[in-house]
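Let me begin by presenting the structure, written as structure tokens, before commenting on it.
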Amino acid sequence: MVACDQWAGALTALRGTLPKAPRADLPAFFAAAGEAAGQLPEELAAVLDTFREDGNEHGYLLLRGLPHDEAELPATPTSSPPPSERELLAMEAWLALVGRRLGLPTGYRELRAGAVYHDVYPTPGAHDLSSESSKVLLDFHTEMAYHRDQPHHVLLACSRADHAGRAATLVGSVRRAIALLPDADRAELLARPVPCQVDISFRGEAADPGPSARVPVLYGDPGDPCLGYDRELLAPDTPRAKEALAALSGALDEVTEAVYLRPGDLLVVDNFRSTHARTAFTPRWDGRDRWLHRMYIRTPGQLTGPAEPGDVVGFRAK
């Protein structure tokens with residue numbers, strides 16, 4: 001955990017350099033955010049640079065105590081997208097600065113109409129696989145593990161916590177889990193990809209198209225592998241693959257850490273080396289329910305061609 005209150009003055013000054021209505025001109029906004037990200041306090045910049053290049057054992061980085069003001073917040077949203085003229089909120093500013101330090105904020109065409117900034121809040125009747133659901137556990141998943149342009153980092157910034165403080169973001173790191181995985185199961189998951197369904201947003205007109213991607217669950221350096229995991233969507237097609245995936249699931253459960261986000265927190269999830277989930281909570285529908293802001297980041301090292309901050313990419317299955 002990185003305590004950021006020590007840099008409150010410097011961060012607030014950088015926020016003041018950003019355009020007031022980011023959605024009105026995202027390219028100009030992210031250009032300004034890129035310049036500001038280059039002026040972050042030296043210690044904070046070094047922490048972010050190290051996490052971008054090497055990650056860490058836990059699979060996430062928590063920034064706590066970022067400047068925020070409840071008085072500036074409107075009511076928690078009840079619909080998306082927000083109006084283009086909505087003024088920049090504090091936690092949206094920190095998403096932009098941290099996101100640009102890490103890489104390129106990215107939208108996905110089929111997801112929320114390609115929006116780069118996502119408001120995350122409880123919605124009545126939301127599908128259980130949606131982040132807008134609150135009544136059930138949002139189960140462990142690597143974000144868009146089935147997508148060739150899978151984000152490297154998932155950023156979650158908290159403007160409001162749930163009333164009871166029960167909602168936890170759960171993170172399971174493959175770097176901690178791999179030591180608990182038998183060698184034979186590791187070898188199986190490294191050897192061949194596993195069939196995988198895709199989230200509702202990427203299914204097009206088909207209600208249930210079945211597995212349409214093949215996801216490498218473990219890949220890269222066998223001694224320090226990356227992770228592609230989704231407890232709901234992976235569909236192993238051999239008994240051996242099912243056994244190995246079950247063993248990995250058990251190992252991830254054993255190393256899971258709970259993060260209780262509160263206002264002023266920004267969580268950076270390493271989406272190449274961890275899986276995350278969210279526990280259930282009870283909204284009150286009173287305008288002050290849990291409200292997070294989400295951004296997906298691609299990093300230069302994963303790109304195969306030119307890219308710009310704010311790009312919107314279309315679906316390409318693995």
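Each residue takes its place number in the sequence, starting with 1.
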CA sep, side-chain torsions, deciding dist, call: Trp94, His293, side chain to side chain contact (heavy atoms under 4.5 Å, CB included)
CA-CA 10 Å; Trp94 313 138; His293 312 275; over 6 Å; no
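- For Tyr219 (side chain) and Pro193 (main-chain N/O), no donor-acceptor pair under 3.5 Å exists by modelled atom type.
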Run Met91 and Trp291 through side chain to side chain contact (heavy atoms under 4.5 Å, CB included) and show every step you take.
CA-CA 10 Å; Met91 298 312 297; Trp291 185 6; over 6 Å; no
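- Two residues are said to be in side-chain contact when any heavy atoms from C-beta on lie closer than 4.5 Å; Lys318 and Pro216 meet this criterion.
- Considering every non-hydrogen atom in both Ala244 and Glu188, the closest pair reads CB-CG, 3.7 Å.
- The distance from atom CG of Leu97 to atom CD of Glu92, rounded to the nearest 0.5 Å, is 12.0 Å.
- Linking ILVMFWY side-chain heavy atoms closer than 4.5 Å, directly or via other members, places Leu73 and Tyr117 in two distinct hydrophobic clusters.
- Side-chain atoms of Asp162 come within 3.5 Å of backbone N or O of Ala167 as a donor-acceptor pair.
- Phe272 is not connected to Leu234 by any chain of hydrophobic side-chain contacts under 4.5 Å among Ile, Leu, Val, Met, Phe, Trp and Tyr, and they are in different clusters.
- Taking 4.5 Å as the limit, some side-chain heavy atom of Phe281 sits within range of a side-chain heavy atom of Pro122.
- Not one N or O on the side chain of Asp199 forms a donor-acceptor pair closer than 3.5 Å with the backbone of Ser201.
- When all heavy atoms of Pro105 and Val116 are compared, the pair lying nearest together is CB-CG1, 3.8 Å.
- Heavy atoms from other residues, nucleotides or ligands lying under 6.0 Å from CD of Glu70 number more than 12.
- Of the inter-residue distances, the one linking Leu266 atom CG with Met295 atom CE reads 9.5 Å to the nearest 0.5 angstrom.
- Using a 4.0 Å cut-off between charged side-chain N and carboxylate O, Arg86 and Asp119 make a salt bridge.
- Remark: Asp289 does not engage Arg284 in a salt bridge, criterion side-chain N to carboxylate O under 4.0 Å.
- The shortest distance between side-chain heavy atoms of Val2 and Leu63 falls below 4.5 Å.
- In this structure, the separation between CG on Leu292 and CZ on Arg160 is 12.0 Å, given to the nearest 0.5 Å.
- Counting heavy atoms from C-beta on, the side chains of Arg294 and Val154 come closer than 4.5 Å.
- Ring planes of His276 and His141: tilted class, angle from 30 to 60°.
- Checked by atom type and distance alone, the side chain of Arg15 pairs as donor or acceptor with a backbone atom of Leu88 at under 3.5 Å.
- A salt bridge links Asp185 and Arg240; the closest N-O separation between the charged side-chain nitrogens and carboxylate oxygens is under 4.0 Å.
- The OG1 atom of Thr76 lies 7.5 Å from the CG atom of Asp286; values are rounded to the nearest 0.5 Å.
- Residues Gly103 and Pro300 come closest through the heavy atom pair CA-CD, 4.3 Å.
- Put simply, Leu89 and Leu156 are part of two different groups of oily side chains (I, L, V, M, F, W, Y) that touch within less than 4.5 Å, one to the next.
- The shortest distance between side-chain heavy atoms of Asn56 and Asp270 does not fall below 4.5 Å.
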Derivation of the side chain to side chain contact (heavy atoms under 4.5 Å, CB included) call for Val174 and Leu181:
CA-CA 10 Å; Val174 70; Leu181 189 66; over 6 Å; no
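- When side chains are defined from C-beta on, Val215 does not count as touching Leu233, because their heavy atoms never get closer than 4.5 Å.
- Residues Leu48 and Leu18 share a single hydrophobic cluster, defined by chaining ILVMFWY side chains whose heavy atoms lie under 4.5 Å apart.
- Side chain of Arg52 to main chain of Gly55: no donor-acceptor pair is present (N/O by atom type, distance under 3.5 Å, no hydrogens or angles).
- A salt bridge links Asp253 and Arg231; the closest N-O separation between the charged side-chain nitrogens and carboxylate oxygens is under 4.0 Å.
- Here the straight-line distance linking atom OG1 of Thr169 with atom CD of Glu257 works out to 12.5 Å at 0.5 Å rounding.
- Across Gly99 and Ile297, no two heavy atoms sit closer than the pair CA-CD1, 3.6 Å.
- Side-chain heavy atoms closer than 4.5 Å link hydrophobic residues (I, L, V, M, F, W, Y) into clusters, and following such links, possibly through other members, connects Leu170 to Leu62.
- Aromatic ring orientation, Phe51 versus His153: tilted (interplanar angle from 30° to 60°).
- Between the side chain of Ser84 and the backbone N or O of Arg23 there is no donor-acceptor pair closer than 3.5 Å.
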Decide side chain to side chain contact (heavy atoms under 4.5 Å, CB included) for Leu227 and Leu218; before the verdict, give the C-alpha distance in whole Å, the side-chain angles of both, and the deciding distance to 0.1 Å.
CA-CA 5 Å; Leu227 176 71; Leu218 297 179; 4.1 Å; yes
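- With 3.5 Å as the limit, one finds no donor-acceptor pair spanning the side chains of Tyr296 and Arg298.
- Residues Tyr260 and Asp265 bring no donor and acceptor atom of their side chains to less than 3.5 Å of each other.
- Leu190 approaches Pro225 most closely through the heavy-atom pair CD2-CB, 4.4 Å.
- Between Arg262 and Arg64 there is a side-chain heavy-atom pair separated by less than 4.5 Å.
- Thr17 places a side-chain N or O within donor-acceptor distance of the main-chain N or O of Leu14, the cut-off being under 3.5 Å.
- Side-chain N/O atoms of Ser249 and Tyr229 include a donor and acceptor closer than 3.5 Å.
- Of the possible donor and acceptor atoms, none in the side chain of His58 sits under 3.5 Å from a partner among the backbone N and O of Tyr60.
- Using modelled atom types, one side-chain atom of Glu72 and one backbone atom of Ala90 make a donor-acceptor pair closer than 3.5 Å.
- Note: Asp311 CG to Phe30 CZ = 10.5 Å, rounded to the nearest 0.5 Å.
- With contacts defined as side-chain heavy-atom distances shorter than 4.5 Å, the pair Cys158/Pro263 qualifies.
- The two atoms that bring Asp149 and Gly314 nearest to each other are OD2-O, 4.3 Å, heavy atoms only.
- Without hydrogens or angle criteria, Asp139 side chain to Glu232 main chain gives no donor-acceptor distance under 3.5 Å.
- One side chain, Tyr121 or Ser80, offers a donor N or O that lies under 3.5 Å from an acceptor on the other.
- Annotation for Arg288: atom CZ does not count as buried by contact number, only 12 or fewer foreign heavy atoms lying within 6.0 Å.
- Of the residues listed (Arg176, Arg273, Arg186), the one engaging Asp224 in a salt bridge (charged side-chain N to carboxylate O under 4.0 Å, His left out) is Arg273, and it is the only one.
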